[in-house]
Number of protein chains: 2
Amino acid sequence: MVTPILTKNQSLVLDALAHAEAPLSAYTILDKLRDHGFRAPLQVYRALEKLQEFGLVHRLESLNAFVACACREDHDHTHHHHGVTMFAICEGCGQVTEFHDTGMEERLALLVKKQHFKTEKTTIEIRGHCQNCV
Amino acid sequence: MVTPILTKNQSLVLDALAHAEAPLSAYTILDKLRDHGFRAPLQVYRALEKLQEFGLVHRLESLNAFVACACREDHDHTHHHHGVTMFAICEGCGQVTEFHDTGMEERLALLVKKQHFKTEKTTIEIRGHCQNCV
DNA sequence: TCAATTGCGTAATGCTATAACGTGTGTCAT
DNA sequence: ATGACACACGTTATAGCATTACGCAATTGA
């Protein structure tokens, strides 16, 4: 999918996430954007929904929070990846690292195939501590 | 860990989950157990917390719901597994299949090690459709 | 032009989870 | 025995996350 033009609300939400050090909850985003006219949770959730469709934002299920996709740091989009995304979530500093591995994807695909299961969305989240947080 | 003796509340919650066809939310469990004296969410959450510690119950992060561990169906506990647990969650019938794979575990361990990350808890949930639900 | 689609704003509501009390019970070292 | 502690429990209130329902405005395209 080619990156679509974002609406004002979508841009605001994406910027908030992109500039954050850690995942943000929808309500935290709402608070950050009150000065920009945001008044209700739905404004945030609607923007998040679209941004997730576009692959620009990920939802972290184990945190009920959201992060900007790492591909945003890759301005040439040379690394933009559409397979399974994995997250390492540090309980210490809150930082989230996104990573990918085709080997994992293949192995997982094989496992679900054996069960005759049709995958639609895969969630892989590792909670723990990063190098700096012991 | 040897399976500890469960309290009354813990047994009730575990039974509710074990007899369910699909994952249950904490509030659904509460409703099912009102006739047994349950009145407040905390009674459910406290039991769930312990049951998760004991490895008898899993939380599904992408559903905000809970399932009895598959090891309960294995009365000799010969298959009781303490590594990474993966779940295939059918959007059609709601059924959840628990599965394990040491190859995945090893590969994942390798990947996080490369990032100098210390894993504490791993969540792997596959959303999709099972064989019966197309 | 009319219909369909999409995004937006607002209010209300529902679902999920925890905080902060206090009570009772059992263990166990003193 | 008694005091200290740990633990399970019960209740109320509150916090945090997400959606339903309504209506309006702008855009698109048959």
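All values below were derived from every heavy atom in this structure, side-chain atoms included, with hydrogens, water molecules and symmetry-related copies excluded. Every chain is numbered from 1 and lettered A, B, ... according to where its sequence line falls, protein lines coming before strand lines.
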Partners passing ring-ring contact (aromatic ring centres under 6.0 Å, His included) against [X] (at least two apart in sequence or in another chain):
X	result
B:His129	none
B:Phe87	B:His58
A:Phe117	none

For this session: Report yes if some heavy atom in the side chain of B:Ile89 is under 4.5 Å from a heavy atom in the side chain of B:Ser62; otherwise report no.
Result: yes
Exercise. Is there a side-chain contact between A:Leu6 and A:Leu51, using heavy atoms and a 4.5 Å cut-off?
Worked result: yes
Problem set entry | salt bridge (Lys or Arg N to Asp or Glu O under 4.0 Å): pairs with one or both residues in residues 116-134 of chain B, sequence neighbours excluded | B:Glu91-B:Arg127
Exercise. Just the endpoints, please: which first and last nucleotides of DNA chain D, 5' to 3', lie under 4.0 Å from a heavy atom of chain A?
Worked result: D:dC17 to D:dA21
For this session: Applying salt bridge (charged side-chain N to carboxylate O under 4.0 Å, His left out), name anything that partners A:Glu49, two or more places apart in sequence or on another chain.
Result: none
For this session: Kindly say if A:Lys8 contacts the phosphate of C:dC8, meaning a side-chain N or O under 4.0 Å from OP1 or OP2.
Result: no
For this session: Verify the neighbour count for atom CD of A:Glu105: are there more than 12 heavy atoms of other residues, nucleotides or ligands below 6.0 Å?
Result: yes
Problem set entry | Neighbour count >12 (heavy atoms, 6.0 Å) for atom CD, A:Gln95 | no
Seminar exercise, completed: Axis-to-axis angle for the helix from C:dT1-D:dA30 to C:dT30-D:dA1, ends of five pairs each, to 10°, equals 30°
For this session: Apply the side-chain contact (heavy atoms from CB on, under 4.5 Å) test between A:Ile126 and each candidate in B:Leu111, B:Ile124, B:Leu108; give the one that qualifies.
Result: B:Leu108
For this session: May I have all residue pairs that pass side chain to side chain donor-acceptor pair (under 3.5 Å) and include part of residues 33-45 of chain B, sequence neighbours excluded?
Result: B:Asp31-B:Arg34
Exercise. So which residues get pulled into B:Ile5's cluster when ILVMFWY side chains under 4.5 Å apart are joined, directly or through others?
Worked result: none
Problem set entry | Contacts of type side chain to side chain donor-acceptor pair (under 3.5 Å), residue A:Thr28, not counting sequence neighbours | A:Ser25
Exercise. Heavy atom of residues 29-36 of chain B under 4.0 Å from DNA chain D: which residues?
Worked result: none
For this session: For each nucleotide in nucleotides 15-28 of chain C, reading 5' to 3', give B when a protein heavy atom comes within less than 4.0 Å of its base, S when such contact involves only the sugar-phosphate, and - otherwise.
Result: -BBBBB--------
Exercise. Please give, in whole Å, the distance from C:dC8 C1' to A:Glu49 CD?
Worked result: 14 Å
